[in-house]
Amino acid sequence: MTMTDEFDTLGRIPSPPPASGAARARALAAAMQAFDAEEKNAGRAKGSSLWSRPSSILNRIWSTQMIAQHRYLAGSALATMLIIPAAAFLTLELTRGNLPSSGQLALPPLADTPRTQAQPVSPKPQGRLSEAKKEKEQQVAAQPVPGPLEYNADNVARQLNKPEAVGGTAKRAAEPSASLVPGPVPVSPMMAERAPPPAAAPRYAPAKPDLLPPMEQSRDRFANADTNPLKSVATDPVSTFSVDVDTASYAFARRSLMEGHLPDPDSVRVEEMVNYFPYDWPRPQSATEPFRTTVTVTPTPWNTGTRLMQVAIKGYDTAPSAVPPANLVFLIDVSGSMNAPDKLPLLKSAFRLLVGKLKPEDKVSIVTYAGNAGTVLEPTSARERDKILAAIDTLQPGGSTAGAEGIDAAYRLARQAFIQGGVNRVMLATDGDFNVGVSSDEDLKRVIEQRRKDGIFLSVLGFGQGNLNDSLMQTLAQNGNGSAAYIDTLAEAQKALVDEAGSTLFPIAKDVKIQVEFNPQQISEYRLIGYETRALKREDFNNDKVDAGDIGSGHSVTAIYEVTPKGSASVMNDPLRYGPAATSAPTPDAVSEEMAFVKIRYKQPDSDTSKLITTPVSEMNAVRDFGSAPQDVRFATAVAAFGQKLRGTNALDAYPYRSILDMARNARGEDAFGYRGGFIDLVRLAETLDRR
């Protein structure tokens, strides 16, 4: 065997197992024995013959290689004995959960045994290695590498105690990560043993203080006008307006207060708040008299120098068996802006309630609009309720708002299924503008007026906020012989579409106008509370071509005037120098005991000629003490005071919410549906929120 073969044989000798103390002792003893033999051979070579010197040199070379080889084996065995138990300990602790998880602990990677002194130490690759790959690494590590070795027990200890020496991994682990770490990442025992964990990072890295985006300004649009002024009877003794049965303003004000802020004053229409509540006014005796008028005069709670004149109209309540069949077209906005819980989902639930109220002979059609109009359901008998409900359930939001095109399609279906002598009505449900096609209020008004002549009326249901076009809703409803309601909850949908379906769907009189003439010898001044958007010219009262509001089956309408009696200290206007009172003194015969004269014009639903009802007002209609007034009169007065307070009317500046609250509580009476109790809660909220 040659010397090279011996070297190869020695190189293939595996390292003794690290757990064997005898292997360690044999390795050290072999190394020392080889060293001693070399020293002895070197001493005998001194002074010997020349031929023996080369042999001595070869022996030294061979002995040096042997020492290096055995030192390598000894160092490798020692390192293995120290590293493997340490890794096992870490694995056990991780398994027991005694050590922090990733993101909180940065362990140094264990370095491979260096093959040469000049090679840098690098961490092992991450990941779990196969058994074959591990065996290959052990064979490579067992190969002898010539050269001096410094990998001893002290160096191993330094590697474990000073992790910054190994590739700089621990040093980098102490630096904060640039990315946000959402939480600890689980580490398996094998990964903890074989791979270095990622660099430690804070659990939540501080974010840059970005500025909050500005609050989106509401684009709600409200139909309103300046508060009615105080008028002098001497110069303007006649007041004319159209009746209003809408209730949208109250529901919108309620939503604002429930959300913790006062409503926009422009959104408050006092007459709609007053008419939101049902009242038990005296009813007409037969259908030949479609409604009955009741006038009550009381002291004004917020001004001792004035009086309130309340004009109430109660419509005839048609028996359910006598209600005519209905042809209803649901015109539904499914534009992208309707994608909100209080919009399309609430709308679908509301129409499902209405479908449950219909009779078998009624008909339903569904038209949607968003970008363009589409027919979802052709005219269908209410007997096929499942089919109608399935069509409602398929509605999905998306697209822009081509409302004008949808109105045309809805009226086509209404004419297609027209019921002679029945109720033919389009019910528009939307949240905002018609931003595609004809979109101005005036253009849409003309379209609705033309369709109204065909005997097809229009009602409007508003949903949501932030994009609500209340102004357009009022325009369409007023010119379509219909009503406008705002649906903010399913309970409101129940009230408007189920409980009060007769008053909203089945009209008993159309184009109803009220005109009040005040007697200047009894009344000096007056102010109409509300109805700013319903004002008519004096000459419009007798003009049957002028459109006005409708009254449905069993509906009630209430109007309230604040009047200043003649000679009261609260009169605001000076008498005219050149007026009739200054030029000619009234004679006793000319003095009337009437305070005012109320006139009402209306048309039958199928007629274009109006009829007239008149009611004189005198002290016979008055009560001396406000507390003695009928319960409904007092509650309606409380609502009127509250509406004026929210609107910012100067006449109520000094009148506290507490007085309104007491007035409403004392007049609550029977409250079967809790509407009046809900109003009392709103007054309390407004008192807390109003810091003016």
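What you see below is based on every heavy atom in this structure, not just the backbone, and it leaves out hydrogens, waters and symmetry mates.
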Report the distance from atom OH of Y369 to atom CG of D333, rounding to the nearest 0.5 Å. 3.5 Å
Residues in ring-ring contact (aromatic ring centres under 6.0 Å, His included) with F679, at least two apart? F277, F635, F642
Any residue meeting ring-ring contact (aromatic ring centres under 6.0 Å, His included) with F252, in chain and number order, not counting sequence neighbours: F222, Y486
Heavy-atom side-chain contact between [X] and [Y] under 4.5 Å:
X	Y	value
T298	V633	yes
Y602	I613	yes
M572	T564	no
Y561	V516	yes

Looking at residues at least two apart in the chain, or sitting in another chain, which of them share a salt bridge (Lys or Arg N to Asp or Glu O under 4.0 Å) with [X]?
X	value
D499	none
D264	none
R292	none
D662	none

Restricting to side-chain hydrogen bond (donor to acceptor under 3.5 Å, both in side chains), what partner residues turn up for [X], sequence neighbours left out?
X	answer
N543	none
T296	none
R254	Y276, D488, E492
Y526	none

Might you confirm whether atom CD of E670 has over 12 heavy atoms from other residues, nucleotides or ligands at distances under 6.0 Å? no
Considering only residues two or more places apart or on different chains, which pairs with a residue in residues 551-562 satisfy salt bridge (charged side-chain N to carboxylate O under 4.0 Å, His left out)? R527-E562
When you check the gap from the basic side-chain N to the acidic O, do [X] and [Y] get nearer than 4.0 Å?
X	Y	answer
D547	K510	no
R255	E259	yes
K545	D511	no
K231	E525	no

Could you walk me through whether Q515 and R538 pass side-chain contact (heavy atoms from CB on, under 4.5 Å), step by step? CA-CA 8 Å; Q515 188 172 79; R538 180 176 178 178; 3.9 Å; yes
Let's go through K603 and T609 carefully: what are the C-alpha distance in whole Å and the side-chain angles of both, what is the deciding distance for side-chain contact (heavy atoms from CB on, under 4.5 Å) to 0.1 Å, and is it a yes or a no? CA-CA 6 Å; K603 299 175 185 175; T609 303; over 6 Å; no
Can you sort out the partners of E619 under side chain to side chain contact (heavy atoms under 4.5 Å, CB included), two or more places apart, ordered by chain and number? R307, M595, A622, R624
Within 45° cone of Y655 ring axis and under 6.0 Å: K645 NZ or CZ: no
